[in-house]
*Asks:* 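The structure under discussion is supplied below as C-alpha cells; questions concerning it will follow.
What you see is a predicted model; the values in this text were computed from it and never measured.
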Amino acid sequence: MEAYLEVALDAPLAGRAEPLPPTATQDPNTIVVLDFGSQYSQLITRRVRELDVFSELLPHDTPLEEIQRRGARAVILSGGPDSVYDPRAPRPDPRIWSSGIPLLGICYGAQLMAHELGGNVLPATRREYGPATISITADGGDGLFRGLDSDQPVWMSHGDSIARLPVGFHPTARTDSTPFAGLADPVRRLYGIQFHPEVVHTPAGRDMLRNFAVGISGARATWTASNLIETSVSAIRAQVGDGKVICALSGGVDSAVAATLVHRAVGDQLTCIYVDHGLMRKRESELLRQTFEANLGIRLVMVDGRERFLARLAGVEDPEEKRRIIGDEFIRVFEEEAGRLGTIDFLTQGTLYPDVIESTAPETKVAHKIKTHHNVGGLPADLRFQLVEPLRYLFKDEVRRVGAQLGLPDQMVLRQPFPGPGLAIRIIGEVTAERLETLRDADWIVIDEIKRADLYRSLWQSFAILTPVRSVGVMGDGRTYANVVAVRAVTSEDGMTADWAKLPYEVLGRISSRIVNEVRGVNRVVYDISSKPPATIEWE
C-alpha cells in the first residue's frame, strides 16, 4: 500500500485508454505506465518522456492486446493506495506477468508483482513515509542501479512491505526496516522497487528510470521536439485532408503552438479566430494581433464578443457554470464565424494532457474529477466540428519545446499559462464589467512587479484574484469598506503539482502598495501560500 503525503489529493487521478495519439508511431519504443491510483502516476509518465522516450498512461486493467498494440517496449506499474492482499485491490491483466515484456513495479506495483507471483506482502511493522536511504545489495551491473553508488537517498511512502520474495527473484536493495526495497528476476526482466524514483526527493531516480527504459528495455530516444513536429504535421494532414480548419486562439502558448502546427500542415486551409470575450488581461488582444500577423503570417479574424459573454455570465457565481457557459459561447461564436467563412469542417484547440486528466469523469474507483476545462468537459454536446487537438497528449514543458522548435517568439513560448476562461475564474463570484476592470488593473501590477524583479520566468504562474470579500480600511484619514485582492504565485514543472512561491518581501510589499494606491476600490492585499495539492493553482 502506498501512503499519501499530507498534501495528497483526496483521491488520485486515473488514466484513460483513449485512441493512439497522433505522435505515437506504434514502433516498439513506448513505455506504458499502468495507473493503479498513485498520486504520482502522471509524474512517472513525464519522467520517462524527459528521457526522450515516449510514455503513455493507461488504466491498470488495460488488456495485454491493447498494451501490445500501442507498441509497448516495457510496462511500469505505478503505486497506489490499496493493499495487494485486499480481494478488491486493482490488478492488471494476469497475462502480463508471462508476456515477456520488461516490467518495473513501483511501490504498490512492486508489492503486486511479489504477491501475484507467489511471494508474500504484509502490513509493515514499521511504516516508511518520507526520506530514507537504501543500500544496494545486488545488481549485476546491468540492472536498475547500474552506475550508482551503493547508498542512495530515496522517497518512501508505504504502509505494507514485501515479506517473502517469489521464486526466481533476489533482493537488490534494502533499508533498515525494509529488507526487500528492491527485487529482481533478470531472466524474466521483472524488477520492483519499494520507493518512488519519479519524485525529486529520489535524486538518482532519473538514472534508475533511464536504466530501465533505455538499458533494460532497449527503447530508443525518439520522443524529441523535431520528431513531434514531423509526426504531428503528418497526422494533421491525414486527418484534415482538403478540409477547412479554424483555430480557437486564446493568446496562450498552447493555442499558439497548436495553430502553428496546423498552419505548417495545411497552410491557408487554416483561419485563426481570436474571440475577445472581455475576460482577457490588459493589452492582451493587441499583443496577440501583433505576434500572429507580423511574426507568423497566419490568417487571423478578431471577434468582439465582450457584450455577449458578459450578458451570459450575468448573475452566475458557480465556477463550473462559468466554465460551461464560456465553453458553450465560444463554440457559438466559432459557428457563426465559420458560417461567414464558408464550409468549415474542423476546429483546432490547444488541449493538453493535464486538461484531459483533470476533466476526466470518474470511470473507475481510482478516478476523481477535479474541474471541468472549458475546452474539454465544457464543450457542448451538439458540437458540429471535428476536433483537431495536436497537443492532447503533451505536457506544458513539451509544448514549450515544440514551440521553440517551431520558431515562435520567446514572449509567447515562455509566457506563463493563462486559463481559457480568462479572468472570469479569477473573479470569485459574479463577473461584471466593473469587477473585471478592477482585476485587470491589479493583475497588471502583479505581472509588472514580477517582471521588474526578474522573477517572471522562474515562476509557473503569478496573478491577482478578486475575492468576494470586503474589508474596513483607512485611506486619507477616512474609513473605507473596499475589495480584498489576493495574489497567487507558484512554482511548478507541469501544473499537475505546484508549490507556492517564496517571493521576496520587498516584491510583495511593492505589489501591495501599488495595488492599494493605484487600483480604485481596493484597500487590502493578501498572499496565497497554498500548494497544489490540496489547493488548485486557480481559485476556481
*Asks:* Do V199 and L43 come within less than 4.5 Å of each other through their side chains, counting heavy atoms only?
*Replies:*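 Touching, per the 4.5 Å side-chain cut-off.
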
*Asks:* Test side chain to side chain contact (heavy atoms under 4.5 Å, CB included) on R299 and L270; report intermediate values, then the result.
*Replies:* CA-CA 7 Å; R299 182 185 301 154; L270 170 69; over 6 Å; no

*Asks:* Hey, are the side chains of V303 and D276 touching, using non-hydrogen atoms and a 4.5 Å cut-off?
*Replies:*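 Counting from C-beta outward, V303 and D276 never come under 4.5 Å.
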
*Asks:* Under a 4.0 Å N-O cut-off, is there an ion pair linking E540 with R426?
*Replies:* no

*Asks:* Does any N or O in the side chain of R435 come within less than 3.5 Å of the main-chain N or O of E430, such that one atom is a donor and the other an acceptor?
*Replies:*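 Yes; at least one donor-acceptor contact below 3.5 Å.
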
*Asks:* Would you confirm whether S513, through its side chain, and G509, through its main-chain N or O, come within 3.5 Å as a donor-acceptor pair?
*Replies:* no

*Asks:* Taking only Lys NZ, Arg NE, NH1 and NH2, and the carboxylate oxygens of Asp or Glu, determine whether R210 and D207 approach each other closer than 4.0 Å.
*Replies:*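 Yes.
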
*Asks:* Could you go through S471 and R524, starting from their C-alpha distance and side-chain angles, then the distance that decides it, and tell me whether this counts as side-chain hydrogen bond (donor to acceptor under 3.5 Å, both in side chains)?
*Replies:* CA-CA 7 Å; S471 70; R524 191 180 300 270; 2.9 Å; yes

*Asks:* Rounded to the nearest 0.5 Å, what separates atom CG in L406 from atom CE in M412?
*Replies:*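 It is 12.5 Å, given to the nearest 0.5 Å.
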
*Asks:* State plainly whether the residues D441 and K282 are in salt-bridge range, i.e. N to O under 4.0 Å.
*Replies:*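 Between K282 and D441 there is a salt bridge, with a charged N closer than 4.0 Å to a carboxylate O.
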
*Asks:* For E307, I'd like to know if atom CD has over 12 heavy atoms of other residues, nucleotides or ligands within 6.0 Å.
*Replies:*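 Not more than 12 within 6.0 Å, no.
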
*Asks:* Would you confirm whether D35, through its side chain, and S41, through its main-chain N or O, come within 3.5 Å as a donor-acceptor pair?
*Replies:*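 No: the side chain of D35 does not pair with the backbone of S41.
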
*Asks:* For R312, is there an ion pair with E329 - N to carboxylate O distance below 4.0 angstrom?
*Replies:*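 R312 and E329: salt-bridged.
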
*Asks:* Please check: side-chain N/O of S458 versus main-chain N/O of L455, any donor-acceptor pairing under 3.5 Å?
*Replies:* yes

*Asks:* Are there more than 12 heavy atoms of other residues, nucleotides or ligands under 6.0 Å from atom CG of N517?
*Replies:* yes

*Asks:* Judged by atom type as modelled, is there a donor-acceptor pair below 3.5 Å linking the side chain of K244 to the main-chain atoms of G342?
*Replies:*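 Absent.
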
*Asks:* Of all the heavy-atom pairs spanning L503 and A489, show the shortest one and how long it is.
*Replies:*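 For L503 versus A489, the nearest heavy atoms are CD1-CB, 3.9 Å.
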
*Asks:* Passes side chain to side chain contact (heavy atoms under 4.5 Å, CB included), I427 versus L436? Steps please.
*Replies:* CA-CA 8 Å; I427 293 177; L436 279 166; 3.7 Å; yes

*Asks:* Quick one: does NZ or CZ of R281 land under 6.0 Å from the six-membered ring centre of F418, within 45 degrees of the ring axis?
*Replies:* no

*Asks:* Indicate whether the side chain of T224 and that of D52 have a donor and an acceptor atom separated by less than 3.5 Å.
*Replies:* no

*Asks:* Taking all atoms of both residues into account, what is the closest heavy-atom pair of S78 and G37, and its distance?
*Replies:* OG-N, 4.1 Å

*Asks:* Within a reach of under 6.0 Å around CD of E434, are more than 12 heavy atoms found that belong to other residues, nucleotides or ligands?
*Replies:* no

*Asks:* Hey, what do you get for CD (E335) to CZ (F330), rounding to the nearest 0.5 Å?
*Replies:*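 These two atoms lie 14.0 Å from each other.
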
*Asks:* Say whether, by atom type as modelled, one donor and one acceptor occur between the side chain of D443 and the main chain of A464 under 3.5 angstrom.
*Replies:* yes

*Asks:* State, to 0.1 Å, how close P421 and R323 come at their nearest heavy-atom pair, and which atoms those are.
*Replies:* CG-NH1, 4.0 Å

*Asks:* Look at the aromatic rings of H196 and Y40 and report parallel, tilted or perpendicular, splitting at 30° and 60°.
*Replies:* perpendicular

*Asks:* Would you verify whether the NZ or CZ of R488 falls within 45 degrees of the ring axis of W460 while also being under 6.0 Å from that six-membered ring's centre?
*Replies:*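 No; the conditions do not both hold, so R488 does not lie above the ring face of W460.
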
*Asks:* Got a second to check how far L352's CG is from S255's OG, nearest 0.5 Å?
*Replies:* 10.0 Å

*Asks:* Is R49 salt-bridged to E398, cutoff N-O under 4.0 Å?
*Replies:* yes

*Asks:* In plain terms, say whether R332 and D328 are close enough for a salt bridge, that is, a side-chain N and a carboxylate O under 4.0 Å apart.
*Replies:* yes

*Asks:* Counting only heavy atoms not in R306 (residues, nucleotides, ligands), do more than 12 fall under 6.0 Å from its CZ?
*Replies:*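 Open: at most 12 neighbouring heavy atoms sit under 6.0 Å from CZ of R306.
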
*Asks:* Apply salt bridge (Lys or Arg N to Asp or Glu O under 4.0 Å) to D397 and R401, showing your working.
*Replies:* CA-CA 6 Å; D397 57 321; R401 290 202 299 272; 3.7 Å; yes

*Asks:* Does S512 reach the main-chain N or O of L508 with its side chain, forming a donor-acceptor pair under 3.5 Å?
*Replies:*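 The answer is no, because no donor-acceptor pair under 3.5 Å joins these two groups.
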
*Asks:* If you define the side chain from C-beta out and look only at heavy atoms, does anything of R470 sit under 4.5 Å from V484?
*Replies:* no

*Asks:* Answer yes or no: is there an ion pair linking R514 with D448, defined by an N-O contact shorter than 4.0 Å?
*Replies:*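 Yes, this pair counts.
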
*Asks:* Could you check whether K396 pairs with D254 (Lys NZ or Arg NE/NH1/NH2 to Asp/Glu carboxylate O, under 4.0 Å)?
*Replies:*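 D254 and K396: salt-bridged.
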
*Asks:* What's the verdict on salt bridge (Lys or Arg N to Asp or Glu O under 4.0 Å) for E284 and R440, showing C-alpha distance, side-chain angles and the deciding distance?
*Replies:* CA-CA 11 Å; E284 198 88 4; R440 271 196 198 94; over 6 Å; no

*Asks:* Rounded to the nearest 0.5 Å, how far does CD1 of I331 lie from CZ of F385?
*Replies:*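 So the gap between those two atoms works out to 7.0 Å.
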
*Asks:* Does R46 make a cation-pi contact with F395 (under 6.0 Å, within 45 degrees of the axis)?
*Replies:*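 R46 over F395 ring: yes.
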
*Asks:* Once you round to the nearest 0.5 Å, how far does CH2 of W223 lie from CG of L394?
*Replies:* 5.5 Å

*Asks:* Apply side-chain hydrogen bond (donor to acceptor under 3.5 Å, both in side chains) to the pair S285 and Y274, showing each step before the final yes or no.
*Replies:* CA-CA 8 Å; S285 299; Y274 171 74; 2.8 Å; yes

*Asks:* How far does OG1 of T348 sit from NE2 of H263, to the nearest 0.5 angstrom?
*Replies:*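 Between T348 OG1 and H263 NE2, I get 12.0 Å after rounding to 0.5 Å.
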
*Asks:* Between T491 and L459, which heavy-atom pair has the shortest distance, and what is it?
*Replies:* CG2-CD2, 4.0 Å

*Asks:* Using salt bridge (Lys or Arg N to Asp or Glu O under 4.0 Å), reason through E449 and R510 one step at a time and then give a plain yes or no.
*Replies:* CA-CA 7 Å; E449 289 297 333; R510 287 197 301 269; 2.9 Å; yes

*Asks:* So, T202 side chain and W155 main chain: donor-acceptor pair closer than 3.5 Å or not?
*Replies:* yes

*Asks:* Do Q416 and Q461 have a side chain donor and acceptor closer than 3.5 Å?
*Replies:*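 No, no side-chain donor-acceptor pair sits under 3.5 Å.
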
*Asks:* Has the side chain of T480 got a donor or acceptor atom that lies under 3.5 Å from a matching backbone atom of G473?
*Replies:*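 Yes; judged by distance alone, with no hydrogens or angles, the pair exists.
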
*Asks:* What's the verdict on side chain to side chain contact (heavy atoms under 4.5 Å, CB included) for R400 and V402, showing C-alpha distance, side-chain angles and the deciding distance?
*Replies:* CA-CA 5 Å; R400 294 192 196 281; V402 170; over 6 Å; no

*Asks:* The test is side-chain hydrogen bond (donor to acceptor under 3.5 Å, both in side chains); show your working for R70 and T30 and say whether it passes.
*Replies:* CA-CA 7 Å; R70 290 170 182 257; T30 297; over 6 Å; no

*Asks:* For the pair D528 and W539, evaluate side-chain hydrogen bond (donor to acceptor under 3.5 Å, both in side chains) and give the outcome as yes or no after the intermediate values.
*Replies:* CA-CA 10 Å; D528 183 350; W539 277 33; 2.8 Å; yes

*Asks:* Tell me if a side-chain donor or acceptor on S232 pairs with a main-chain N or O of I229 at a distance below 3.5 Å.
*Replies:*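 Checked: no pair found.
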
*Asks:* For the residue pair E538 and I425, what are the closest heavy atoms and their distance?
*Replies:* CG-CD1, 4.3 Å

*Asks:* Before giving the answer on side chain to side chain contact (heavy atoms under 4.5 Å, CB included), spell out for I511 and V487 the whole-Å C-alpha distance, their side-chain angles and the decisive distance to 0.1 Å.
*Replies:* CA-CA 9 Å; I511 289 172; V487 174; 4.0 Å; yes

*Asks:* To check you understand the geometry: which heavy-atom pair defines the closest contact between L439 and L466, and what is its length?
*Replies:*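 The pair with the smallest heavy-atom distance is CD1-N, 3.7 Å.
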
